[in-house]
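Presented below is the structure to which this report refers.
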There are 2 protein chains.
Amino acid sequence: MVDAVEPLKARRIYLLLRERILNGGLEPGSRLPGELSIAAEYGVSRVTVRRALDNLAIDGLIDRRPGSGTFVREGNSVQPIVADLSNVLSHLVEMGRRTSVRLLSFAYVNPSESVAGALGLEPGERAQRSIRVRLIDGAPFSYLVTHVPERIGVTYSEADLASMPLLGLLERSGVVVEEASQSIGATLAGPDVAEALGLEIGSPLLSLTRVVWDPSGQGVEHLHALYRPDRYSFHMDLVRTGAVGARRWNPVAKPATARPEPQKRKTEGPKSLKPKPRPVRVSNQRRTST
Amino acid sequence: MVDAVEPLKARRIYLLLRERILNGGLEPGSRLPGELSIAAEYGVSRVTVRRALDNLAIDGLIDRRPGSGTFVREGNSVQPIVADLSNVLSHLVEMGRRTSVRLLSFAYVNPSESVAGALGLEPGERAQRSIRVRLIDGAPFSYLVTHVPERIGVTYSEADLASMPLLGLLERSGVVVEEASQSIGATLAGPDVAEALGLEIGSPLLSLTRVVWDPSGQGVEHLHALYRPDRYSFHMDLVRTGAVGARRWNPVAKPATARPEPQKRKTEGPKSLKPKPRPVRVSNQRRTST
DNA sequence: GAGAAATGTATTATAAGTTAGACAGGTAGC
DNA sequence: GCTACCTGTCTAACTTATAATACATTTCTC
């Protein structure tokens, strides 16, 4: 009879206030209620409220001015890297930002059942697994676990992996890559991933699972990618197509040649020049630790 | 100098293990590592691990057999709803599953700066904000916050909102919807969202922010959606296009007419008939409290 | 049956979170 | 200047969470 307790009021209040700042009604520059008011509102002590505010201050979300009050800091919108759904990294290179890769693991393993199933492996068939972390300007933003069937003929070395995209290596080896299927979800950072990405355990992550097939339908690559949402997000433009009554969104297919940006929004509002102060921003670790 | 502490390890481990059971590598029926192993892995004491396992047992996710071990309970695999990036709900209807909507809030507000900027509102211009929760077969899976400029001519009522998609209502009102831009990220559940979706505070969420414009570039709708990743995920098929040397992924544009499924994977492995053993489960809050 | 390994249970000690209160000092309004 | 209100800091007592052990019981393997 483990009676689920209700601990950690400070964190609860921290999350609550953070939500109000990021998504909710608290405008940048506005003043928060006094610490005593907040304490009364949520039925906790002032010390507890202060702990929550401390964390918000560490996150850089608020500005505390003694005698005056606590204010929502302005300009705390750190834009994450934006990627479209196709070739994620071409953007970055265009922007002149330097990306690098750290190879954490390189081994031949018996894949998990789900990976084996997705790739269509025979029972007991092994796969080459590599774990990589991708960095931009020295800051890690993605954790990639890839599985490639051993029988595909893995012709690349560890050094190759650290310098070239895996798909490029496969295509160089003569593997024809035709189609893929991927799904996007969210999950929490475990110990390994948290350390590799410089996060706290339990931080939210974007997850992407992609399975790539060759023209015969043979599984070629299984990718499980985890992204820091404060540094990476998916972006896409949609157009409304179809007849009335069956209208739907369709993604805008971009030409293979790189283009600066679709940049279509011609809103004329005074703020329209600042197209998207996307507030999503997830920073929640107070201590990156390790 | 409040040194950020490390609270609630038990809950953290509970969330992590739950994530591994639901999305991660732990197959149903498989045995978890021993309590001591888990304790060592996460650097906590066995008591703490046991607390986490207690909660997982309450959730019905695991099965503890004294002397034998702790096992992932079978039959938890509730497939998440799979949506493509365009018309998320058409799938569901096709599948014959019943979705419903709960309207949590309906008001005219001064939108936050980020929303106002995205929609291109004049300073001080108000917007109609509605907060809805969407359910499938009675289980909530998404939390939607939409903003529509007041001047657009909001011709729908609260009752309309609870029964029809917002975009449909707008188009019925004569608003021409042409293009949109959206980005996908991840975040943690705050108190409000957690309660609305039946989650613990701190659970991971998929977040989608979409801005819709009419042909003149005027903002029409701002959508901020949060999805339970165990019940909802984005899925898309990609094809490799472009010349050698500049190959990239492009999404497969689907026809407006509903089609059962692309279903391309013709892998012949014995497990290929079970293409996706995605294990999932639902109930997880022990106490929604307050 | 012996032994290893697992969960179930209990005890004690330490660490951490919370509360309540008091006081100092800064800021703004009257 | 006075007052009200705010944050910053501190103390003391209390409650809860976690750690470190030890030991019993069940299960599986050999």
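Within every chain, numbering begins at 1; the chains are lettered A, B, ... in the order of the sequence lines, protein sequences first and strands thereafter. Please read these numbers as outputs of a predicted model, since none were measured by experiment.
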Nucleotide dA28(C), atom C1' - distance to CZ of R65(A) in whole Å: 13 Å
Could you check whether F234(B) and Y232(B) have their ring centres less than 6.0 Å apart? yes
Using a cut-off of 4.0 Å on non-hydrogen atoms, how would the nucleic acid contact of R50(B) be classed: base, sugar-phosphate, or nothing? base
OP1 or OP2 of dA5(C) versus the side-chain N and O atoms of S68(B): is any pair under 4.0 Å? no
Measure across N110(A) and G124(A) and return the closest heavy-atom pair with its distance rounded to 0.1 Å. ND2-O, 3.6 Å
Atom pair distance, as rounded to whole Å: CG in D63(B) and P in dA6(C): 17 Å
For the residue pair T209(A) / S183(A), report whether a side-chain donor-acceptor contact shorter than 3.5 Å exists. no
So, is T48(A) close to the dT19(C) phosphate, meaning a side-chain N or O under 4.0 Å from OP1 or OP2? yes
Closest to the 5' end of DNA chain D, once V47(A) and P66(A) are matched to their nearest nucleotides, is P66(A)
Provide, to the nearest angstrom, the distance between the CG atom belonging to L53(A) and the C1' atom belonging to dT9(D). 15 Å
Does R51(A) have a side-chain nitrogen or oxygen under 4.0 Å from the phosphate oxygens OP1 or OP2 of dG17(C)? yes
Would you say dA17(D) has OP1 or OP2 under 4.0 Å from some side-chain N or O of R11(B)? no
Separation of dA17(D) P from I13(B) CD1 (nearest whole Å): 15 Å
Atom CG of N55(A) to atom P of dA16(C): distance rounded to whole Å? 15 Å
Could you tell me whether R46(A) contacts a base, only the sugar-phosphate backbone, or nothing, with contacts defined as non-hydrogen atoms closer than 4.0 Å? base
Please report, rounded to the nearest Å, how far the P atom of dT7(D) is from the CG atom of D54(A). 12 Å
Grab the CZ-P distance between R64(B) and dT27(D) for me, whole Å please. 15 Å
D59(B), D54(B), L53(B) screened by side-chain contact (heavy atoms from CB on, under 4.5 Å) with Y14(B), the one that passes: D59(B)
Which listed nucleotide (dG8(D), dT18(D), dT7(C)) is nearest to the side chain of A10(B)? dT18(D)
Rounded to whole angstroms, how far apart are CD on E35(B) and C1' on dA6(C)? 8 Å
Take L104(B) and D192(B), measure what side chain to side chain contact (heavy atoms under 4.5 Å, CB included) needs, and give me the verdict at the end. CA-CA 11 Å; L104(B) 297 187; D192(B) 299 349; over 6 Å; no
Nearest to the side chain of K9(A), heavy atoms from C-beta on, is which of dT7(C), dT19(C), dT7(D)? dT19(C)
